[in-house]
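These notes concern the structure reproduced below.
FYI, the numbering just counts along the sequence from 1. Quick note: numbers below take in every heavy atom, side chains included, and nothing from hydrogens, waters or symmetry partners.
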Amino acid sequence: MNTIIKNIEDAQLKANVPEFSVGDTVKVSAKIKEGNRERTQIFEGTVLKKQGTGVRATFTVRKISNGVGVEKTWPLHSPIVEKVEVVRHGKVRRAKLFYLRERTGKSAKVKELVK
């Protein structure tokens with residue numbers, strides 16, 4: 001990779017990236033701009049996948065809102081994402097949890113990892 005691009009990307013990295021993995025239930029605090037106001041909105045759900053490295057790293061969170069599944073993909077090092085707080089750790093054996101999309105009710109839950 002070009003050294004100039006690498007230097008620019010390294011400057012954009014966040015210093016304190018939280019440790020979470022696929023299957024964890026997380027709260028993502030995001031900055032929302034509405035006109036000239038700015039507020040924080042929380043999106044809580046299960047992490048379906050993590051992908052990419054460096055500045056390009058992203059993660060997808062899924063939640064059920066009024067009976068409808070909602071998925072959002074967040075850039076990990078974006079200034080829009082204020083913080084990612086882990087609510088609970090999930091016990092999973094896969095890297096991508098796409099099978100949760102077809103499930104509803106109790107079968108759509110991920111067991112909690114007890115340490």
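- Counting heavy atoms from C-beta on, the side chains of T46 and V61 never come closer than 4.5 Å.
- For the pair Q51/R56, no side-chain contact is recorded, criterion being any heavy-atom separation below 4.5 Å from C-beta on.
- Closest approach of V22 and R94 over heavy atoms only: CG1-O, 4.1 Å.
- For the pair L48 and Y99, the minimum side-chain heavy-atom distance is 4.5 Å or more.
- No side-chain heavy atom of V86 sits less than 4.5 Å from a side-chain heavy atom of T25.
- Counting heavy atoms from C-beta outward, V28 and I42 have side chains that stay 4.5 Å or more apart.
- Here the side chains of K27 and V87 are in contact, with some heavy-atom distance below 4.5 Å.
- The shortest side-chain heavy-atom distance between F43 and V26 does not fall under the 4.5 Å cut-off.
- The shortest side-chain heavy-atom distance between T40 and E82 falls under the 4.5 Å cut-off.
- Side-chain N/O atoms of T73 and T58 include no donor and acceptor closer than 3.5 Å.
- Within 6.0 Å of the CZ atom in R39, the count of heavy atoms belonging to other residues, nucleotides or ligands exceeds 12.
- Between K63 and E71 there is no salt bridge, since no side-chain N of the basic residue sits under 4.0 Å from a carboxylate O of the acidic one.
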